[in-house]
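Lettering of chains follows the sequences in order, A, B, ..., and the numbering in each one begins at 1.
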Amino acid sequence: MSDVRVRFAPSPTGYFHLGSARSLLFNWLFARRHGGKFILRIEDTDRKRFHEEAVPDMLDGMRWLGLDWDEGPEVGGPYGPYFQSQRLALYPKYAQKLLDSGDAYKCYCSSETLEQMRKGQLQRRQSPGYDRRCRELTEQQRAAKEAQGLVPVIRLKAPLTGQTSFHDLIRGEISVQNEQLDDLILLKSDGFPTYHLAVVVDDHLMEISHVLRADEWIPTTPHRMLLYRAFGWTPPLYAHLPVILSPTGQGKMSKRKTVGADGREYDVMIREFRAAGYLPEALFNMLALIGWSYDDKTEILTREQIIQHFGLDHVSSAPAKFSYKKLDWMNGVYIRSLEIDDLAARIQPFLSRAGLDADADTVRRITPLIQERLVKLADAVSWTDLFFIDELEYDSAWLVQKKMTVEQTQQVLAESQQVLSSLPDFDEASIETALRHKVEEMGLKARQFFGTLRIATTGKKVAPPLFGTLAILGRQKVLKRIAQAQEMLTS
RNA sequence: GGCGCAUUCGUCUAGUGGACUAGGACACCUCCCUCUCAAGGAGGAGAUCGGGGGUUCGAAUCCCCCAUGCGCUACCA
């Protein structure tokens, strides 16, 4: 397959979300796997739903995920333009061709008429659909309508009998009875094409070889076959991907916030995953595994491995829920595999954004302590704020550990104070040795002694490993915090 | 209502007629390690493959029916 050309053709109506990203990724993988071209085409023919930020948001998201495009916005290409709004002159000509060949006709019914027609049909428990009243209009009838100032749409003349079928690369043969097929509108009365016309014309003109799209589009595919036949063109090969279900399993993944069975709100926008501190490589891996699998055991795959092994034969046909828990796990795996410098650099912006005055050197030193505790980069904030704030806030009762008295707690603080102030070197190893020695001497449990010291120096019940934390905090800050704890205990 | 697509542990999946007493991962449980939390190690529980009929010496895998879920049914995509 040397001349593989696939495209992702979103409608810019909102932010880049999980469902789009997955379809996009599979197209991209298919192109990369077969050494073909990946094309981005913006289907902005619906002026009512157009969203200004949609395209920039998607391009940003794609760059973040490392998905490049060979032709499309910003990069151009030999088949441009890649915005349908810039190709508008094209579509009426093709609609006219179908009019000329008798495969299409002008329909003068207004939206209101059609709406009423549907209502009536539903009331009579009939299938809603256009009743084709304009299909066989005579020349005179049309002239009369035009004289009234009615502006027509152009409809495809679907066959009334027989059946239309196509071969789906994932599902095999799919066919429908032609009587089920509506006379689709190809050109709206404002001269804009509908999605159905524009897609077919553009896919043909751009020489698209394979169309990989979500499941929910299956019902429109027979119409496309009809259009290809009317134009006398060879259709591309089709593969319909399973949709992503919402975390509850009730319905497909929403394009807005989605609420899980636990009542929690889950992220769906790529920008939200990014802001929460998911790594692009983790999301990439995770997305690739929705509906595709490499084998019976491998879960973690590099981008290169995925490209190398990706194929439609391992794409499942059943819809799947997106597992946020598994994404969290996978993100942790990727975070743990990062080089310290790399991770520190990725954490930094999250700290700054949270308002912490975190210098790069300190962040670099803290990073090894929290690396295996991070699920998301944003978690770094609550793990590290203790290093950058001046006053700790905590309940003094926390200082007193289980099975310990206030007196013993005071003793722990005093002894710590003494040991730590007299240490020649305030490094992690020295601190640990000296303190463990003291624990033994006092006959306490390590968790009791260090528990108290942890609260005193970090203000938290859960914090990074103590000795490394103390070393990074520095002697001065540590002693000051211990003194403050002592004060809190006595007052 | 009509049409279409789907149906393997709670979840994501492996499985393409015998190697399946159905494998892996997440989540869950127990234990170990341990200064907290993690991470890590060892184990455990969890699917009679949606149901019912066939075909076959043999079916999760092929066929039929049913049920359920989802999708489409716009001058939206």
Partner nucleotide of [N] by Watson-Crick or wobble geometry (both distances under 3.5 Å):
N	value
B/U21	none
B/U48	none
B/U61	none
B/A14	none
B/C9	none
B/A42	B/U30
B/U56	none
B/G71	B/C3

Any side-chain N or O of [X] less than 4.0 Å from the OP1 or OP2 oxygen of [N]?
X	N	value
A/Lys188	B/A77	yes
A/Arg373	B/U36	no
A/Arg49	B/C76	no
A/Thr13	B/A77	no
A/Arg118	B/C75	yes
A/Thr45	B/A77	yes

Which part of the nucleic acid, if any, lies within contact of [X], taking any heavy atom under 4.0 Å across all strands shown: a base, the sugar-phosphate backbone alone, or nothing?
X	value
A/Pro319	sugar-phosphate
A/His314	sugar-phosphate
A/Gly129	nothing
A/Cys109	base
A/Glu299	base
A/Ser293	sugar-phosphate
A/Lys297	sugar-phosphate
A/Phe467	base

(request) Using heavy atoms to find the nearest nucleotide of RNA chain B for A/Arg336 and A/Ser189 separately, return the residue whose nucleotide is more 5′. (result)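 Taking each residue's closest nucleotide, the earlier one in sequence belongs to A/Arg336.
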
(request) Would you kindly compare A/Gln84 and A/Pro465 by the position of their nearest RNA chain B nucleotide and give the one closer to the 5′ end? (result)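 Mapping each residue to its closest nucleotide by heavy atoms, the 5'-most match is A/Pro465.
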
[X], nearest nucleotide to its side chain (from [options]):
X	options	result
A/Asp46	B/A25, B/C75, B/A77	B/A77
A/Lys325	B/U13, B/A27, B/C35	B/A27
A/Trp329	B/U11, B/A25, B/U13	B/A25
A/Val462	B/U11, B/U36, B/A77	B/U36
A/Ala318	B/C35, B/A6, B/C75	B/A6
A/Ser323	B/U11, B/A25, B/U13	B/U11
A/Ala446	B/A14, B/C35, B/A74	B/C35
A/Lys48	B/C76, B/A39, B/C12	B/C76
A/Phe450	B/U13, B/A39, B/C35	B/C35
A/Ala320	B/C12, B/A77, B/U36	B/C12

When the [atom1] atoms of [N] and [M] are considered, how many whole Å apart are they?
N	M	atom1	value
B/G43	B/C66	C1'	43 Å
B/U8	B/C20	C1'	12 Å
B/C49	B/U61	P	9 Å
B/C9	B/A14	C1'	13 Å
B/A27	B/A38	P	12 Å
B/U11	B/G51	C1'	23 Å
B/C63	B/C26	P	35 Å
B/G69	B/C32	C1'	44 Å

(request) Check whether any side-chain N or O of A/Thr194 sits under 3.5 Å from a backbone N or O of A/Ile185 as a donor-acceptor pair, and report yes or no. (result) yes

Tell me the interatomic distance from [X], atom [atom1], to [N], atom [atom2], rounded to whole angstroms.
X	N	atom1	atom2	result
A/Glu428	B/C35	CD	P	13 Å
A/Lys106	B/C75	NZ	C1'	16 Å
A/Asp202	B/A77	CG	C1'	14 Å
A/Ile300	B/G24	CD1	C1'	13 Å
A/Leu327	B/C26	CG	P	14 Å
A/Trp292	B/A14	CH2	C1'	13 Å

Distance-only polar pair, side chains of [X] and [Y], donor-acceptor under 3.5 Å:
X	Y	answer
A/Asn285	A/Tyr334	yes
A/His240	A/Ser317	no
A/Asp267	A/Tyr278	no

(request) Run through A/Lys145, A/Glu146, A/Arg142 and flag the one making a side chain to side chain contact (heavy atoms under 4.5 Å, CB included) with A/Pro152. (result)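 Among A/Lys145, A/Glu146, A/Arg142, the one meeting side chain to side chain contact (heavy atoms under 4.5 Å, CB included) with A/Pro152 is A/Glu146.
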
(message) Quick check for you: to the nearest 0.5 Å, what is the distance between A/Glu43 atom CD and A/Thr13 atom OG1?
(response) 11.5 Å

(request) Establish, yes or no, whether the cationic atom of A/Arg155 lies under 6.0 Å from the six-membered ring centre of A/Tyr130 and within 45° of the ring axis. (result)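 Yes - A/Arg155 lies over the ring of A/Tyr130, closer than 6.0 Å to its centre and within 45° of its axis.
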
How about [X] and [Y]: do any of their side-chain heavy atoms sit closer than 4.5 Å?
X	Y	answer
A/Leu283	A/Met330	no
A/Leu312	A/Trp292	no
A/Arg447	A/Gln401	no

(request) Check the pair A/Thr164 / A/His223 against side-chain hydrogen bond (donor to acceptor under 3.5 Å, both in side chains), numbers first and verdict last. (result) CA-CA 8 Å; A/Thr164 300; A/His223 288 104; over 6 Å; no

Between the protein and nucleotides 3-5 of chain B, which nitrogen or oxygen pairs are less than 3.5 angstrom apart?
unit_1	atom_1	unit_2	atom_2	d
B/C5	O2'	A/Arg171	NH1	2.8

(message) Does the plane of the ring in A/Phe467 sit parallel, tilted or perpendicular to the ring in A/Phe450? Use 30° and 60° as the thresholds.
(response) perpendicular

